[in-house]
Amino acid sequence: MCRFRLILLLFGLGLMISTCPTGFEDDVETLIAELPRTTTGDLEYSRQFANSRFLPYEIDGGPELSEGNAAHSHSAVLRRIVSKGARSVPALVRHLSDERPVHLSGLGASWTAFWDEYDFNPRTYGPPPEGVNRKDIDGHPDSHILTVGDLCFVALGQIVSRKFEANRWQLTGGAIFNSPTYSRRLREVVQKDWTGFTRQQHRQLLIDDFERPNDQFRRVGAYQRLTFYFPDVVEALVLKELRQPAINGAKIRSFLRDSLYKTVDPMECRRRYEEFIRDSGPDYIAGVRDLLFEDLNSLEANEEGRSNESLEYGTQPRELLVQLFDQPKNVTRADRPAWLVTYTYERAWFIESLIHDQSRQIGDAVRQILLEESEDPFLPPACVRSLANRGYPEVLLAELAKLDFGVFEENWRHREMLQAICTSRDSSVRTRLLQILTTTVNETYFLWILESLPQEAESLALEHAQRLLNALPDKTELGRSLLRWIAEEHPGQISDALNAFLTRGAPERAETVCQALWGLPLSKRLLAPLLNDHRPLPGFSLVYKYPMRVCDLAAQTIHRNDEDRKELTFDYYWPIEQKDRVISRLKQYCEEPDL
């Protein structure tokens, strides 16, 4: 009887093992079946061109840029597919040739290309894959409707930390498509690399990316995915990396520009170089070599006619690489070693990304870097960003106490630190920020705090914004951001705010008002009084042939905000008589009732 039960048990386990993957595959297939209903663009299949976001995380601490700063919508379906990790890969690979269209139109770009861009880590991949990463533009259609296979390509890249962009916007106005559905060559490379991909291979791939990245963004991508898929390995990897040296690139750049490049004698060059390494430490050897290669790249661009940049150092980068680092006399930029040097600004990018784990040991290591590198321009804000929600409120409060909130002009370092602190959800930090909101005289700091405390600060914000405007000096170029905020968030109050702001009369204040209302439809009514203001604006005479007056700037703003009225076209560069004729018509236009 026991033996019979054992057989049944083993049979049941075997059945579970054989059926579970199929069930999971059905789940992924169900999600993929929903992709044709995708209607809004997102990361790596829209006009966005800069983002390091990992779909399962709402934030990543990095910038999100899109053409026109347009907001984008995240795909819940893709997020669910990516969240399943390596288990989604077989279905994604199978669907690379899936031609079902998704409901996204082309980009309307000035030109279109199919470059078959395929991201890989050159330090771990081996010989580059053949048939992809081409730049031939001719012979392709003028547009492309994204397919289910294209979105599967995107999802695969998200899982394996590769920038697989089915569609992106080129800064010159082009649309770049990388479609495995359209391109057999791209599809075959993807299938070759990812068919049979296992969870263990996924784990090792991300570890390799972390330990041997070709740039810091590769390491950050690995960290994000490791914290999500394999959190048990994160602490040891991060602590090891934080113990590695990071060198000050600005210090090396200054040494090259101010000392080495100004020395002609080879013996003196070597002496100065060895003295610099003794003072700075042996870690700076690789940094000097790396930046010499960077300057060699600029030198070669000049020599090959790709650039006409004026270079202060002539051929010295090549000569110094030969002299100090035993490079061959015909050394080129192609001889530059793989990425082995970490600069402090790169370390800062990495540290500020450390927000997806709760390791106390990592937090303590970051806090120590904050204490040791307090004078570095990049590292302190990055450290505070990482510590903001790790349970170190005393550190954030101490950093807040160092900032000066009683000055009108913003301090770049203080602004960066405040931005980092404002990401904290700790109640004691938020209470202190709310107190600062009602006492600071700095509009930039005020708006940063306000954005981080939308609910707590709403009842206090408008009243204090008006106090900030009233406290500005009579002759000031400040106040633009505050006026813009009032116009957008409290349009019913903007007229009184503008009247109070302009009462104290300096022409710089009128200029600020025009800048604040640029692009807003309500400028017609609000700027009409300034069309009678003929005072000259300081600072414009160096740029424009004719004097720039307050009425000119107001007219240009009104025209810019209603470009459909072609008869009201206005240009800064016109002679005064021509501008005055259009300003007369603009006055009549401003008296017309809004439709």
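We number each residue from 1, following the sequence as shown.
A 4.5 Å side-chain heavy-atom check between R134 and W115 finds every atom pair outside the cut-off. Annotation: side chain of R318 is in contact with side chain of E300 (closest heavy-atom distance under 4.5 Å). With a 4.5 Å cut-off on side-chain heavy atoms, E399 and L370 count as touching. Side-chain contact between S424 and N389: present, with at least one pair of heavy atoms (C-beta onward) separated by less than 4.5 Å. The side-chain heavy atoms of T342 and I247, taken from C-beta on, include no pair separated by under 4.5 Å. Residues T227 and Y57 are in side-chain contact: their nearest non-hydrogen atoms beyond the backbone lie under 4.5 Å apart. Side chains of I159 and L92 form a contact here, defined as non-hydrogen atoms less than 4.5 Å apart.
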Item to complete: In sequence, state the C-alpha distance, the side-chain angles, and the governing distance for L226 and D209, and then conclude on side-chain contact (heavy atoms from CB on, under 4.5 Å).
Response: CA-CA 10 Å; L226 285 169; D209 276 353; over 6 Å; no
Worksheet entry | CA sep, side-chain torsions, deciding dist, call: D208, R218, salt bridge (charged side-chain N to carboxylate O under 4.0 Å, His left out) | CA-CA 10 Å; D208 289 344; R218 184 81 64 189; over 6 Å; no
Worksheet item: Is there a side chain to side chain donor-acceptor pair (under 3.5 Å) between E235 and S359 once you walk through the steps?
Response: CA-CA 7 Å; E235 183 176 88; S359 166; 2.5 Å; yes
Item to complete: I would like to know whether F325 and V288 meet side-chain contact (heavy atoms from CB on, under 4.5 Å); could you show each step before the answer?
Response: CA-CA 10 Å; F325 296 97; V288 173; 4.0 Å; yes
Item to complete: Starting from the C-alpha separation in whole Å, work towards a yes-or-no answer on side chain to side chain donor-acceptor pair (under 3.5 Å) for Y125 and D193.
Response: CA-CA 10 Å; Y125 190 88; D193 282 352; 2.7 Å; yes
Worksheet entry | From CA spacing to verdict: side-chain contact (heavy atoms from CB on, under 4.5 Å), V190, L186 | CA-CA 6 Å; V190 179; L186 177 60; 4.2 Å; yes
Practice prompt. May I have the step-by-step check of side-chain contact (heavy atoms from CB on, under 4.5 Å) for Y284 and K251, ending in yes or no?
Written response: CA-CA 10 Å; Y284 277 75; K251 180 179 179 180; 4.2 Å; yes
Practice prompt. Evaluate side chain to side chain donor-acceptor pair (under 3.5 Å) for D116 paired with N178, printing each intermediate quantity in order.
Written response: CA-CA 5 Å; D116 290 353; N178 305 291; over 6 Å; no
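Side-chain atoms of T181 come within 3.5 Å of backbone atoms of L96 as a donor-acceptor pair (strictly under, hydrogens ignored). In terms of modelled atom types and a separation under 3.5 Å, the side chain of S83 and the main chain of R79 share a donor-acceptor contact. Judged purely by atom type and a 3.5 angstrom limit, Q244 uses its side chain to pair as donor or acceptor with the backbone of K240. Checked by atom type and distance alone, the side chain of R219 pairs as donor or acceptor with a backbone atom of F210 at under 3.5 Å. A donor-acceptor pair under 3.5 Å links the side-chain atoms of S386 to the main chain of L354, judged by distance alone. Side-chain atoms of D150 come within 3.5 Å of backbone atoms of T147 as a donor-acceptor pair (strictly under, hydrogens ignored). A side-chain donor-acceptor contact under 3.5 Å links E346 to the backbone of Y343. Panel note: side chain R162, backbone F120; no donor-acceptor pair is recorded below 3.5 Å. Although no hydrogens or angles enter the test, the distance criterion places a donor-acceptor pair under 3.5 Å between the side chain of R225 and the main chain of G221. Listed for the S307 side chain is no donor-acceptor partner under 3.5 Å among the backbone atoms of N302.
Aromatic ring centres of H202 and F197 lie closer together than 6.0 Å. Ring centers of Y182 and F177: at least 6.0 Å apart, outside the cut-off. Residues F114 and H144 bring their aromatic ring centres within 6.0 Å.
Residue pairs meeting the salt bridge (Lys or Arg N to Asp or Glu O under 4.0 Å) criterion with at least one partner in residues 368-382, sequence neighbours excluded, do not occur; the list is empty.
A salt bridge links E304 with R333: at least one charged nitrogen is closer than 4.0 Å to a carboxylate oxygen. Between E188 and R184, at least one side-chain nitrogen of the basic residue sits less than 4.0 Å from a carboxylate oxygen of the acidic one, meeting the salt-bridge criterion. By the 4.0 Å N-to-carboxylate-O rule, D295 lies close enough to R253 to be salt-bridged with it.
Take R289 and apply the salt bridge (Lys or Arg N to Asp or Glu O under 4.0 Å) test, not counting sequence neighbours, and it matches no residue. With sequence neighbours excluded, no residue forms a salt bridge (Lys or Arg N to Asp or Glu O under 4.0 Å) with E309. When the salt bridge (Lys or Arg N to Asp or Glu O under 4.0 Å) test is applied to E117, the partners found at least two apart in sequence or on another chain are R168. With sequence neighbours excluded, the residues forming a salt bridge (Lys or Arg N to Asp or Glu O under 4.0 Å) with R360 are D364, listed by chain and number. The ring-ring contact (aromatic ring centres under 6.0 Å, His included) search around Y223 returns none, not counting sequence neighbours.
Ring geometry for F276 against F255 counts as parallel: the plane angle stays under 30°, on a 0 to 90° scale with 60° as the upper cut. Ring geometry for F228 against F54 counts as perpendicular: the plane angle is over 60°, on a 0 to 90° scale with 30° as the lower cut.
Defined by atom type and a distance below 3.5 Å, a donor-acceptor pair is present between the side-chain atoms of E319 and T315.
No more than 12 heavy atoms of other residues, nucleotides or ligands shown are found within 6.0 angstrom of CD on E130.
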